[in-house]
Asker: 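After the structure tokens below, expect a handful of questions from me.
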2 protein chains.
Amino acid sequence: MGRMPTVDDVAQAAQVSRQTVSNVINSPEIVRETTRQRVQEAIDRLGYRPHASARRLRTRKSSTIGVRLDPLRDGISGAVLDRFVHKLAEQADARDLRVMIFTADGNADELAHIRRLRDGSDVDAFVLIGTDHGDSRIAWLVENRVPFVSFGRPWGAETPDPHHRWVDVDGRAGVRDAVRHLRANGADRVAWIGWPSPSGTGDERRAGWEESCGLEGADRVALAVATEDGVTEGRRAAAALLELPEPPDAIMCASDSLALGATMATQAAGLARLPIVGFDNTPVAAAVGLSSIEQPLDEVVAAALTLLFGEHGDDVQPNPDSDEEPGHRLLVPRLVERRSSHLALDGNPGA
Amino acid sequence: MGRMPTVDDVAQAAQVSRQTVSNVINSPEIVRETTRQRVQEAIDRLGYRPHASARRLRTRKSSTIGVRLDPLRDGISGAVLDRFVHKLAEQADARDLRVMIFTADGNADELAHIRRLRDGSDVDAFVLIGTDHGDSRIAWLVENRVPFVSFGRPWGAETPDPHHRWVDVDGRAGVRDAVRHLRANGADRVAWIGWPSPSGTGDERRAGWEESCGLEGADRVALAVATEDGVTEGRRAAAALLELPEPPDAIMCASDSLALGATMATQAAGLARLPIVGFDNTPVAAAVGLSSIEQPLDEVVAAALTLLFGEHGDDVQPNPDSDEEPGHRLLVPRLVERRSSHLALDGNPGA
DNA sequence: CCGAATAATTCGAACGTTCAAAATGAACGA
DNA sequence: TCGTTCATTTTGAACGTTCGAATTATTCGG
């Protein structure tokens, strides 16, 4: 294989200048149609492709997004982040953007990586997946004018930072709808299995349950369990709930892991028909017939890219100066109904 | 933020030439120690970082690996690929390599992406995750001299292609060991739940069971079930096995998904103490106490990178011409023992 | 058919780096 | 002191692209 053809080769073959070839590629509308065709033909014939690095050097933009890819904590809930990254790659491709991944050991290390990738002009903009309470990365990124968007709200910030663009899913609304759905199907005492506070996402989801479960005071407190995420934890938590003097007649969980555990517990207790709803609609939920709340990842990714690059282009917009236009999007999840939340209605014992 | 400093800026600040600055970065050993320090000090002071694109343009290598990131089919077994990508990013970083991801709709589309990334000099080499029977991509990549390595053997090729570098895990040996472990713990009739043939990986794993289960003829046939991957499928398959006139006293599964389903089936049948072993040691297996065979992904990734870039550097080696040195590595998995495979021994009913 | 306006194309330079070769400096033996 | 050798540093060019300005071709009204 010889060397790749360059603009000059194409130019020569098509009897035009370098620049015309460049124009055919980047702004075809300014070149005469007959010329355009001749050049295009030469491009095809020679199999010319622009050299990405040369272009980036000249234009001073890399058209590349950086994402930190974390190890999956749980395999189940982690799958969401994974789907997110997948969709990101998909939609980035449609905009002629590339996606570069990196790993990091802690937030400080992540920032070091980001700095390196950005200073080397490897990456134009970053996507932060998941935000903590008072996330230290956000301030740093804003401070250093690194273009970025986060999937996750700025939890715990009193006044929202206008320089910070973010997308998130309204878990509270999602849980609220799911609980209403359970109650509409006959449940009176919907319990909650969630995560320990403080957890931005977790607290928000719990709030959705609180405002829709129709319970008050000690009763509500008794029906809410906080535990770390995980199948085992979910099973334990559900088992404890079922032991209560006044046990729940449905369970709303903050994750599919917890819900899967809860399902096991109810089956073990011979209560296979107790309705359960999970969160994230992971493939496992689909496999075991678990109703679950699905995050609209397509929209999340689309919104993130729009915030970063505008409606269509691949020119990264700097972090906004003021909040004239909203630098964030809050999207609504939807409940995917499956067998697990209709058990009180239909006649099947848990298959 | 003004513009980033360049080699020239550093050169001027340190009173040396461009090239000396370059040397300090790329081959410090050839520059005098006192000079090196002076230049280094200037680099640090100005916060200089080499411009990656400029460097790549000049050196004609991108130091970037491309990987196709697929959507997870199952969420459980898919997690392995995910961990693989994570480790790849990790170890690539240690070699100063970057990882670029892309998605594709089918193999043809994948090749189109690969071509684009490579022709644009975006990516030096590719990692193929998973190989099919008679994989069409391999021939194409070899033909087009695209440096690559696959995680997965060239299934179904009569004569191994010496240009094709690959790494794989000896699933057969892994299953064999696990079955022996089950038998050592008292099982006489170890059943198999696997995937339909032909499936390179699946057939290989099954072969491991066949040669170690100690069963023959019709008996062995009766204890082997083939089904698509999935929790539900695993449950059904296990339920069927338990209905047999001579049911198994242990179950070996080709995946954790199947094993999880099998676990549910045994619990439902009141046989919670039937030993079960899965494959891939996914986080879910850990969560539910399922023994499982773990693929040594660290070694897999290390071997893949070594095949591509040699022992240490980041210079991609072209696809080998002959098979003087082995262009592949077959690694041995190990069994992670948990409760699920010791049930016949200890006294706990499935907690 | 001319001049002006506009469309289309070309030219020279620059993006920031490293390669290859040339130049300088230091050290040493004769 | 001088030529040689080796270590160190510098110079000019090149990688392939696009920007900005300049040039040439075309169109059109009068």
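In what follows, chains are A, B, ... by sequence order, proteins preceding strands, each numbered from 1.
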Asker: Which one of A/Q40, A/E33, A/E41 satisfies the side-chain hydrogen bond (donor to acceptor under 3.5 Å, both in side chains) criterion with A/Q37?
Answerer: A/E33
Asker: Who are the side chain to side chain donor-acceptor pair (under 3.5 Å) partners of A/R116, not counting sequence neighbours?
Answerer: B/D93
Asker: Atom NZ of B/K61 to atom P of C/dT17: distance rounded to whole Å?
Answerer: 16 Å
Asker: Check the interface with nucleotides 22-24 of chain C: list each N/O to N/O pair with the protein under 3.5 Å, or write none.
Answerer:
none

Asker: Is the number of heavy atoms from other residues, nucleotides or ligands under 6.0 Å of A/R329 CZ greater than 12?
Answerer: no
Asker: Roughly how far, to the nearest 0.5 Å, is OG1 of A/T64 from CE of A/M100?
Answerer: 5.5 Å
Asker: Judged by each residue's nearest nucleotide on DNA chain D, which is more toward the 5′ side, A/T6 or B/R38?
Answerer: B/R38
Asker: Could I get the full list of salt bridge (charged side-chain N to carboxylate O under 4.0 Å, His left out) partners for A/E299, not counting sequence neighbours?
Answerer: none
Asker: For DNA chain D, note the earliest and the latest nucleotide, 5' to 3', having some atom under 4.0 Å of a heavy atom belonging to chain B.
Answerer: D/dT8 to D/dG16
Asker: To the closest 0.5 Å, what do you measure between CG (B/L128) and CD1 (B/I138)?
Answerer: 6.5 Å
Asker: Measure the angle between the two terminal helix axes of the helix from C/dC1-D/dG30 to C/dA30-D/dT1, five base pairs each, and quote it to 10°.
Answerer: 50°
Asker: Can you name the residues that form a salt bridge (charged side-chain N to carboxylate O under 4.0 Å, His left out) with A/D298, not counting sequence neighbours?
Answerer: A/K87
Asker: More than 12 heavy atoms of other residues, nucleotides or ligands under 6.0 Å from CD of B/E143: yes or no?
Answerer: no
Asker: Between CD1 of A/I129 and CG of A/L69, what distance do you get to the nearest 0.5 Å?
Answerer: 7.0 Å
Asker: I need the residues from residues 18-33 of chain A with at least one non-hydrogen atom less than 4.0 Å from DNA chain D; give them sorted by number, or say none.
Answerer: A/R18, A/Q19, A/S22, A/N26
Asker: Is the centre of the A/W166 ring less than 6.0 Å from the centre of the A/H328 ring?
Answerer: yes
Asker: The criterion is salt bridge (charged side-chain N to carboxylate O under 4.0 Å, His left out); which residues satisfy it with A/E110, sequence neighbours excluded?
Answerer: A/R68, A/R137
Asker: Applying side chain to side chain donor-acceptor pair (under 3.5 Å), can you list everything that pairs with B/Q317, at least two apart in sequence or on another chain?
Answerer: none
Asker: Tell me whether A/D44 at atom CG has more than 12 heavy atoms from other residues, nucleotides or ligands lying less than 6.0 Å away.
Answerer: yes
Asker: Which of residues 46-59 of chain B have a heavy atom under 4.0 Å from DNA chain D?
Answerer: B/L57, B/R58
Asker: Please enumerate all residues that pass ring pair (Phe, Tyr, Trp, His ring centres under 6.0 Å) together with B/F151, with sequence neighbours excluded.
Answerer: B/F84
Asker: Extract all donor-acceptor atom pairs below 3.5 Å that involve side chains of residues 47-55 of chain B and protein atoms in other chains or at least two apart in sequence.
Answerer:
residue	atom	partner	partner atom	Å
B/H51	ND1	B/S53	N	3.3
B/H51	ND1	B/A54	N	3.3
B/H51	NE2	A/S121	OG	3.3
B/R55	NH2	B/N26	OD1	3.4

